[in-house]
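Notes for the one structure printed next.
To find a chain, count down the sequence lines: A is the first, B the second, and so on, and within it residues start at 1.
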Amino acid sequence: MSQGDRGGATTAEPVALDLYQQIVLEHSRRPQNFRRLDTPDRRAEGHNRLCGDKVTLYLRLAGGLLAEVTFEAAGCAICLASASLLTETAAGLSVGTAERLAAGVIGHFDDPAAHALPPALAALDGVRAYPSRIRCATLPWQTLRQALAGPADAIATTEPAE
Amino acid sequence: MNASPRAIPGPLDVGRLRQDFPILDQQVNGAPLAYLDNAASTQRPLAVLDAMDHYYRHDHANVHRGVHTLSHRATDRYEHARELVRGFLNAASIREVIFTRGTTEAINLVAYTLGQRLKAGDEIVVSELEHHSNIVPWQMLCERTGAVLRVGPITDRGEIDVEAMLALITPATRLVGVAHVSNALGTVNPVAEIIAAARRHGALTLVDGAQAAAHVPVDVRALGCDFYALSGHKLHGPTGIGVLYGRESVLETLPPFQGGGDMIATVSFRGTTYNELPYRFEAGTPAIAEAIGLGAAIEYLGRVGLPAIAAHEEALVDHALARLRDLPGIRFLGNPRQRVGLVSFNIDGIHPHDVGTVLDQRGVAVRAGHHCAMPVMERFGVPGSVRASFALYNTRDEVDRLVEALQLAVRMFAP
Ligand SMILES: Cc1ncc(COP(=O)(O)O)c(C=O)c1O
C-alpha cells in the first residue's frame, strides 16, 4: 500500500483518472447526506436494472425550496458520488431550478454542448468517455426528477440501453 | 474425417496458438489486451474466419434447393459441418443434430415443442445455478400449461445439492434441465448422475452445454441425455449459430417448432406434410456460413486437443486462485471442487462495475455483473460479481496482470 495512494496520480498508474477523479473517489468513500428522512415530503426510488444499483432520495420541502436532500444507495462509486454531489448541489434550490438542474445533468451526457455541467459537478464529466457507466451517473438525477414530479412516493427505473 | 491428428495432452504452445487469433494482438487503453471474458464469448481463430470467408467468396448459394453447382457445394459444406458436430458430440446420427441460433434458441425449441403435450400438474426441474436461458423458457412454458417449475438448490460451495435435486424428481417430472458447466461459478455439474435419476422416473433431460463444449469433452451417448444445447460463439465459432442435439426417438415425437421453407415435405392448402429429421426443425434459410464456421471451430479444437486445453485452463485457474487468495477483501463466489477455468468474486467495498472499469483501463477484459444468472447472485447475497474466464490462448502473464490491476483497484478505492 506504499505507492499509488494518491489515487493513481503518478505516471506509473494513469488509471481511469478522468472517470475516478479524486472528488468522485472521496464522495464515493464518504457520501454526503447519506441518511434516510423519516417523514420526507417526497421520496423516490431509482433502480438501474442492468447492474442492480438502487438509490432512494428523500426531500424535505419548505416554501417551495428543497430544504433538505438526503439519500441512501447501494451502487458503484460513480452512482454514489453522483448522488452525494446531487444532495449538495440541489439543497436550497427551488423546485423549478432543481428540475432544470436535473434535466441539464441528464442532458449533458447526451449533448454536452447544449447542456453545460455546473462547476460543482464538473467531476462527473469524465463519465462521458465510458458509455456503459453513464447510467450510473444519471440514475440519482432521474430519481430526483421523479421525486420532484411527485407523487410523494415514486419509483424511477433506468432501462437497459434501447 | 474427424480431425484430431494430435490429441495428445501435452502442454499447449500458447505463443503459437495466439498467432491464430488476430484479435488478441492489440492495445486496449494503452496496454496489451488480456481477454479474460471467454465465458461471455470466445474469440475466433483464422481457421474459422477463413472458412467463412472462403465460403462467401466461392461457394455461397441457398442450401437444399438449387440444382446448380453452387447450391450443391453450399449444401455439402453445410451438411459436412453437421457431420462435424455429430462427431464432436458423439451423436448417433446427423438426424439428431439441429442447427439453431444458439443455446437460447435450442432450449426455447424444446420448451415450445414439448409444451404442446404438457398439462397442469406436470413438473419441470432445473437447478438454482442455471443461466436465465435455462429458466425463463420453462417459466413461460409453465405459465402456458399450468406445469410447475421446481428448483434444485445449490450449496455454499456453488455445487448442486444433488441429493436435494434428485428428491425433486418424481413421476410427475416431465423434464430435468441442468447446465453442464455453470457460467456464473464455473462448476462442472454431475450431469450424468442427474440424467440417470431423471430417466429412472421417465423424465426427459436437457443439458445446457453452452459453457462446457470448449472446455470439457462431451459425449451425449455416454451422458444419456435427450437434449444437449450449445452456442458456436462460446467455442471459438461464429455468433448466430448453435446446436440442439436431440435423441432421435424423442425428436420423432415432437411437433415442429417454426413453420416455413425447408421444414416441409409438401405444402398444399389442403394440408402440409413435414420434412424428415433434422430439417423439420430448421425452418427457413439457415445460417450457412456460420454453420461452416462452427465446423471449422470444431476441427480447430480437435487439432489443439480438448484434453490439453482443459489441462492448460486448469493450470491457469489454479494460478489465479492461488494469487487472488492474497488480495485484501476478496470473496469468492462458491468454491466448486470440479471447475473449469473460471473464477467469480467480489472485493469488499468495491462495486464489480468499478472493478471492471479499472481493469479495462489496464487492458484486462472481464465480465462484471449478474452474468444472466440472477438467482445465483441472490443465493450468494450479492448484486453481481467480477468474473475472469480463461481460454486456450490465455497465459500466466495475463493472470498476473489481472491480479496487478485488482491490486490497483484496491489501492484506488481503499477507504
Ligand atoms: C450456461 C449458459 N447457458 C446459456 C447461455 C446462452 O447462450 P446464447 O446467448 O449463446 O444463446 C449462456 C451464455 O451466456 C450460458 O453461459
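- More than 12 heavy-atom neighbours from other residues, nucleotides or ligands sit within 6.0 angstrom of CZ on R144(B).
- Heavy-atom distances place the side chain of M374(B), and not its backbone, under 4.5 Å from chain A.
- At least one side-chain heavy atom of Y393(B) sits under 4.5 Å from a side-chain heavy atom of H236(B).
- Residues of residues 96-121 of chain A placed with any heavy atom under 4.5 Å of a heavy atom in chain B are absent; none qualify.
- With rounding to the nearest 0.5 Å, the separation of CD in Q21(A) from CD in E26(A) is 11.5 Å.
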Quiz: residues 323-335 of chain B side-chain donor-acceptor pairs under 3.5 angstrom, not counting sequence neighbours:
residue, atom, partner, partner atom, Å
R323(B), NH1, D400(B), OD1, 2.9
R331(B), NE, D348(B), OD1, 2.9
R331(B), NH2, D348(B), OD1, 2.5

> Does the pair D360(B) and R133(A) meet the rule for a salt bridge (charged side-chain N to carboxylate O under 4.0 Å, His left out), with working shown?
Replying inline: CA-CA 13 Å; D360(B) 180 51; R133(A) 307 300 302 278; over 6 Å; no
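- Contact check for V127(A) versus Y20(A): no side-chain heavy atoms found under the 4.5 Å cut-off.
- F21(B) CZ: more than 12 foreign heavy atoms inside a 6.0 Å radius.
- Residues that satisfy the salt bridge (charged side-chain N to carboxylate O under 4.0 Å, His left out) test with E398(B), not counting sequence neighbours, are R18(B).
- Contacts with chain B (heavy atom to heavy atom, under 4.5 Å) involve these residues of residues 56-93 of chain A, listed by number: G75(A), C76(A), A77(A), I78(A).
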>> Assess the residue pair R36(A) and D38(A) against the criterion (salt bridge (charged side-chain N to carboxylate O under 4.0 Å, His left out)); give the C-alpha distance rounded to whole Å, side-chain angles, the decisive distance to 0.1 Å, and a yes or no.
In response: CA-CA 6 Å; R36(A) 65 175 278 145; D38(A) 284 330; 3.3 Å; yes
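- Contact annotation for H353(B): both backbone and side-chain heavy atoms come within less than 4.5 Å of a heavy atom of chain A.
- A ring-centre distance under 6.0 Å is found for H370(B) and H132(B).
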